[in-house]
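My questions will all concern the structure given below.
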Amino acid sequence: MYLSLRGEVEDALEAALSALDLPTEDLGIERPPADVDAAVASSVAFRLAGEVGAPPPQVAADIAAEIDPAGYDYFGAVDTEGPYLNFFPSDRYVAETVERAQSEEYGRLADRDTSVVVEHTSANPTGPVHVGRARNPIVGDAIVRVLDFAGYDVDAHYYVNDAGRQIAVFTWAYETFDESDLPDPERDKPDYDLVRYYRKGNSFLEDGDPQRVEDAEAEIEAIMQGLEENDEETYERISEVVDTVLEGMTGTLDRLPAAFDEFVKETRFMRNGSTDDVIERLKALDEAVYEDDAWQLDLPDIDKNLVFLRSDGTSLYTTRDIAHHEWKFENYDRAVTVIGEDHQLTFDQLRETLELLDHDTDQLDQVFYSWVNLPGGEGMSTREGTGIDLDDLLDEAIDRARAEVEERLDDRIRDDDLDEDDVERIAHQVGIGAVRYDIVAKQPTKMITFEFERALDFEAQSAPYVQYVHARTCGILDEAASDGLEAAESVDPALLDTDAEADLLKTIARFPAVVEEAADELEPHRVATYTRTFAEQFNTFYRECPVLTAEDEETRRARLALVAAARETVGNALHLLGVEAPDSM
RNA sequence: GGGCACGUAGCUCAGUCCGGAUAGAGCGUCGGACUUCUAAUCCGACGGUCGUGGGUUCGAAUCCCACCGUGCCCGCCA
């Protein structure tokens, strides 16, 4: 709706400028400030003032006089305020917004007939997911949801690094050490169980008996070679470790939830010969050099050479990732990767190499996020066992949310008799929602220092703040239903003409445009920003416009329709963020 | 040293891509509002050299240049 309105305004403005013989390449279309009623504005008069030889307000007035709102569906009127042109929607725009927004699918954009693979998380299967890694599944899952809602055909992939040296180390450690030498696992979960071997192995390699370390290195090397030669027995050995740890990790990710359509293993591209094929093609490139017994690529725009074949004849992570990406390009129209900023250089190398192999890398996008640190600047490491496990954070979040619900139980006005299941449901929705929202609401490139208190603040600008709005809409609609009051099917805009109603309506109408922008820019945090504005608008409406006790039935039914529209809008917006929308709380 | 990212109120962040209306929120502090469709709410006050300095422009938090600070990377690891 908003998108249609904006399109109509652009057409009308362009027509007016043409009629006045003025240039139309920059229409200066913008969103007016919150205290201006207009839905769309233009600052084009500034730009044309010099050309016309008149002050901007005069130019604006002349342009406005030339615009004819007749013949447009959603654009209803134009006005000026100083140098600015302000465009107002038609009654039909208002009526259709309320009508359409009551649909469960409100905000979903038309099918684009374009397939996208979103690769996210892809954490090495070496141990429990910690908070430092949590940004990836939370942002990644939101991107998947946003792209899907924006009309793309989306698959979510977790790329499993099951061929690297760390897996060889892990496999050796798992087969070497005895459980009796290990500390008790922190949780009864396979990832917590096995990570003990990994940590033990790494510390042994660091400061164990030199002779035994040398033997271990030989064993690790043998595992690497076995993988490179596609030795079936070696593959089974590492798979036991990888699959077991991964099962534990996905158990944690499911709690968010972050769902994947496919777990794509790195070894797949070794076993099917595509990595060898990539190596042969890379060797044939003009940029290929053989230095220090290893094959490398001297990339034109990157200082650092990319080694793609070790001197011992084994491939590297990036080599396999090239084969992986060629596979993505064969199967999807676009590929998006959510990846830590520490992989920036590698990703640039990957992109350039794919270009050298004649791929169109415009179809490849990446979203970088910066690391989450602990207060004091300490990083989180699976190998060293530092950091906060995501399971612990989620448990803590749910516990705090439960305590909060129980505390509020006593002074509840609403007598809807929350039972124990409700308390548990709300604790989960609010607790996990707060964690997700805290992370997804921020631009991924910003650094985050993780603090429990801040992440689990249930006050304003948090998930519960927005969730509460959804619960309120549900409360009103339930109440209305039990009173036998139904939302109006079509709404006379004159019934919704207070500032609070108009602002809420304007915000509801904008939702599809927010979805589009978030999808285009791969920035789900825009949806979070939107939900905050939305919640503020709704709360103002809630305070100023009684629905069930409105003066006449017509107004009651019109406002009820607005509430129904608000519920779908905020419900869908929360869904895009992967935050649950409680019916009561 | 080089590359990338970040720097907006005491704190946490929107706004930056695509320059325009007095730079917006929340937390904290202070003061108010529950006989009302849910107070996880709302209203008000206080609080800002938009890192610094130049430049472009009618107009710069936004674009360009330099510098400062912080993080990440610069491995035949992933």
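Hydrogens, waters and symmetry mates play no part in the numbers below; they use all other heavy atoms, side chains included. What you see is a predicted model, and the numbers here were worked out from it, not measured in a lab. By convention in this document, chain letters (A, B, ...) are assigned in the order of the sequence lines, proteins followed by strands, and residues within each chain are numbered from 1.
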So what does Asp348(A) touch, heavy atoms closer than 4.0 Å: a base, only the sugar-phosphate, or nothing?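 No contact.
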Length of the line joining Phe347(A):CZ and G3(B):C1', which is rounded to integer Å: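 Nearest whole value for this atom pair: 17 Å.
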OP1 or OP2 of A39(B) sitting under 4.0 Å from any side-chain N/O of Arg472(A)?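 Looking at the OP1 and OP2 atoms of A39(B), one of them is under 4.0 Å from a side-chain N or O of Arg472(A).
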Check every strand shown and say whether Gln166(A) touches a base, only sugar-phosphate, or nothing at a heavy-atom separation below 4.0 Å.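 Sugar-phosphate contact only.
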Give the rounded distance in Å between these two atoms: OH of Tyr437(A) and P of A14(B).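 After rounding, the reported distance stands at 12 Å.
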Mind checking whether Phe534(A) and Phe538(A) have parallel, tilted or perpendicular rings, split at 30° and 60°?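 Aromatic pair Phe534(A)/Phe538(A) classed parallel.
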Is there a side-chain contact between Asp26(A) and Val44(A) (heavy atoms, below 4.5 Å)?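 In short, these two side chains do not touch, never coming nearer than 4.5 Å.
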Choosing from A40(B), G15(B), C74(B), which nucleotide comes nearest the side chain of Val405(A)?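 Within the option list, the nearest is A40(B).
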Under 3.5 Å, is there a donor-acceptor pair between the side chain of Thr353(A) and the main chain of Gln349(A)?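 Present.
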Euclidean distance for C1', G10(B) against C67(B) (whole angstrom):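 It works out to 27 Å between them.
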When you compare C77(B) with U70(B), how far apart are their P atoms, in angstrom units rounded to a whole number?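 To the nearest whole Å, 31 Å.
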Tell me which nucleotide among C77(B), U22(B), C58(B) gets nearest to the side chain of Arg165(A).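 Per side-chain heavy atoms of Arg165(A), the pick is C77(B).
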Base, sugar-phosphate or nothing for Asp26(A)? Non-hydrogen atoms, less than 4.0 Å.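 The residue Asp26(A) makes no contact with any strand.
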Could you please name the option among G26(B), G2(B), A14(B) that lies closest to any side-chain atom of Asp303(A)?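 That would be G2(B).
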When only distance counts, do a donor and an acceptor, one from the side chain of Gln461(A) and one from the base of A25(B), lie under 3.5 Å apart?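 It does, because a donor-acceptor pair links the side chain of Gln461(A) to the base of A25(B) below 3.5 Å.
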Under 4.0 Å between a side-chain N or O of His525(A) and OP1 or OP2 of G15(B)?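 Yes.
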Taking side chain to side chain contact (heavy atoms under 4.5 Å, CB included) as the criterion, tell me which of Ile302(A), Leu297(A), Thr361(A) meets it with Glu352(A).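 Going through Ile302(A), Leu297(A), Thr361(A) one by one, the side chain to side chain contact (heavy atoms under 4.5 Å, CB included) with Glu352(A) is satisfied by Ile302(A) alone.
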How far does CD of Gln443(A) sit from OG of Ser370(A), to the nearest 0.5 angstrom?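 Taking CD in Gln443(A) and OG in Ser370(A), the distance rounds to 10.0 Å.
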Within the structure provided, determine whether Tyr2(A) and Arg31(A) are in side-chain contact (heavy-atom separation under 4.5 Å).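 Contact flag for Tyr2(A)/Arg31(A) side chains = yes.
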Less than 4.5 Å apart, side chain to side chain, heavy atoms only: is that true for Glu10(A) and Val40(A)?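 Contact flag for Glu10(A)/Val40(A) side chains = no.
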What is the distance, rounded to the nearest whole Å, between atom CG of Asp301(A) and atom C1' of C4(B)?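 Asp301(A) atom CG is separated from C4(B) atom C1' by 15 Å.
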Looking at A78(B), C43(B), C58(B), which one has an atom nearest to any side-chain atom of Thr540(A)?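 Nearest nucleotide to the side chain: C43(B).
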Write down the distance separating the C1' atoms in A60(B) and C50(B), rounded off to the nearest Å.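 A60(B) and C50(B) have their C1' atoms separated by 11 Å.
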Answer with base, sugar-phosphate or nothing: what part of the nucleic acid does Ile426(A) contact at a heavy-atom distance below 4.0 Å?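 Base: the residue Ile426(A), judged by heavy atoms under 4.0 Å, touches a nucleobase.
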Sugar-phosphate, base or nothing in reach of Arg320(A), heavy atoms under 4.0 Å: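 Sugar-phosphate only.
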5'-most contact on RNA chain B: Asn305(A) or Ala41(A), nearest heavy atom basis?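 Taking each residue's closest nucleotide, the earlier one in sequence belongs to Ala41(A).
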Which nucleotide wins on minimum distance to the side chain of Thr529(A), given the candidates A39(B), A21(B), A14(B)?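 The listed nucleotide nearest to Thr529(A)'s side chain is A14(B).
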Return the stems involving RNA chain B, sorted by first number, where pairs are Watson-Crick (N1-N3 with N6-O4 or O6-N4) or G-U wobble (N1-O2 and O6-N3), both under 3.5 Å, and runs are 3 or more long.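 Ordered by first number, the stems with RNA chain B (at least 3 consecutive pairs each) read B:1-7 with B:68-74, B:10-13 with B:24-27, B:29-33 with B:41-45, B:51-55 with B:63-67.
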Taking only side-chain N and O atoms of Arg408(A), does any of them lie within less than 4.0 angstrom of OP1 or OP2 on A40(B)?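 So the side-chain polar atoms of Arg408(A) do come within 4.0 Å of the phosphate oxygens OP1 or OP2 of A40(B), strictly under.
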Any base atoms under 4.0 Å from Glu536(A), or only sugar-phosphate, or nothing? Heavy atoms, all strands.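 Sugar-phosphate contact only - Glu536(A) comes under 4.0 Å of backbone atoms but never of a base.
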Donor-acceptor contact present, side-chain Glu228(A) to main-chain Ser315(A), <3.5 Å: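 A pair under 3.5 Å: yes.
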Under 4.0 angstrom, heavy atoms only, what part of the nucleic acid is Pro83(A) near: base, sugar-phosphate, or nothing?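 No contact at all - Pro83(A) keeps every heavy atom at 4.0 Å or more from the nucleic acid.
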So, His157(A) side chain and Tyr159(A) main chain: donor-acceptor pair closer than 3.5 Å or not?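 The answer is no, because no donor-acceptor pair under 3.5 Å joins these two groups.
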Touch check for Tyr542(A), heavy atoms < 4.0 angstrom, all strands: base, sugar-phosphate only, or nothing?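 Base, at least one base heavy atom under 4.0 Å.
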Under 4.0 angstrom between Gln443(A) side-chain N/O and G15(B) OP1 or OP2: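 Yes, because at least one side-chain N or O of Gln443(A) sits under 4.0 Å from OP1 or OP2 of G15(B).
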Is there a donor-acceptor pair closer than 3.5 Å between any side-chain N or O of Thr531(A) and the backbone N or O of Ala528(A)?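 Between the backbone of Ala528(A) and the side chain of Thr531(A) there is a qualifying donor-acceptor contact (under 3.5 Å).
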A9(B) and C27(B), which share atom name C1', separated by this distance in whole Å: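 That atom pair is separated by 12 Å.
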Just to be sure I understand the geometry, which residues of residues 543-559 of chain A put a non-hydrogen atom under 4.0 Å away from RNA chain B?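 Arg543(A), Cys545(A), Pro546(A), Val547(A), Leu548(A), in order of number.
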Looking across every strand, which nucleic acid part, if any, lies under 4.0 Å from Thr346(A) by heavy atom: base, sugar-phosphate, or nothing?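 The answer is base, as Thr346(A) lies within the cut-off (heavy atoms under 4.0 Å) of a base atom.
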Base, sugar-phosphate, or nothing for Ala528(A), non-hydrogen atoms under 4.0 angstrom?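 Result for Ala528(A) = nothing.
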In this structure, how many angstroms lie between the P atom of C27(B) and the CZ atom of Arg532(A), rounded?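 Answer to the nearest Å: 12 Å.
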U8(B) versus C73(B) - spacing of their P atoms, nearest Å: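 Their P atoms lie roughly 23 Å apart.
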For C6(B), does OP1 or OP2 lie under 4.0 Å from any side-chain N or O of Thr445(A)?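 Affirmative; the distance criterion is met.
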State the OH-CD1 distance between Tyr198(A) and Ile167(A), to the nearest 0.5 angstrom.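 Answer rounded to 0.5 Å: 7.0 Å.
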Side chain of Asn539(A) only, please: which of C58(B), U41(B), A78(B) is the nearest?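 The answer is U41(B).
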Among A40(B), A14(B), A21(B), which is the nearest nucleotide to the side chain of Val430(A)?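 In terms of side-chain proximity for Val430(A), the closest of A40(B), A14(B), A21(B) is A40(B).
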Counting any heavy atom closer than 4.0 Å, what does Tyr465(A) reach on the DNA or RNA strands: base, sugar-phosphate only, or nothing?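 Tyr465(A): backbone/sugar contact only, no base atoms under 4.0 Å.
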When rounded to the nearest 0.5 angstrom, what is the spacing between OG in Ser122(A) and CG in Asp321(A)?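 It is 9.0 Å, given to the nearest 0.5 Å.
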Gap in Å between the two C1' atoms, one belonging to A5(B) and one to C11(B), rounded: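 So the two C1' atoms sit 22 Å from each other.
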Is any side-chain N or O of Arg310(A) closer than 4.0 Å to OP1 or OP2 of C77(B)?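 Yes.
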To the nearest Å, give me how far apart CD1 (Ile448(A)) and P (G71(B)) are.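 The distance from CD1 of Ile448(A) to P of G71(B) comes to 17 Å, rounded to the nearest Å.
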So which nucleotide from A14(B), C17(B), C72(B) ends up closest to the side chain of Lys446(A)?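 Nearest nucleotide to the side chain: A14(B).
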When you compare G51(B) with U41(B), how far apart are their P atoms, in angstrom units rounded to a whole number?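 Going atom to atom, P in each nucleotide, I get 30 Å.
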Parallel, tilted or perpendicular for Phe347(A) and His325(A), by the 30°/60° rule?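 Phe347(A) vs His325(A) ring planes: perpendicular.
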Taking atom C1' in both G48(B) and U22(B), compute the distance separating them and give it to the nearest angstrom.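 My reading of the C1' atoms in G48(B) and U22(B) gives 13 Å.
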Heavy atoms, side chains only, cut-off 4.5 Å: are Arg510(A) and Lys506(A) in contact?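 Side-chain contact under 4.5 Å: no.
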Rounded to the nearest angstrom, tell me the gap between atom CH2 in Trp371(A) and atom P in C73(B).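 Taking atom P of C73(B) as the reference, CH2 of Trp371(A) is at 9 Å.
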Given C18(B), C74(B), G71(B), the nucleotide with the shortest approach to the side chain of Met447(A):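 The nucleotide sitting nearest to the side chain is G71(B).
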Among A40(B), C72(B), C4(B), which is the nearest nucleotide to the side chain of Gln344(A)?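 Shortest atom-to-atom distance from the side chain points to C4(B).
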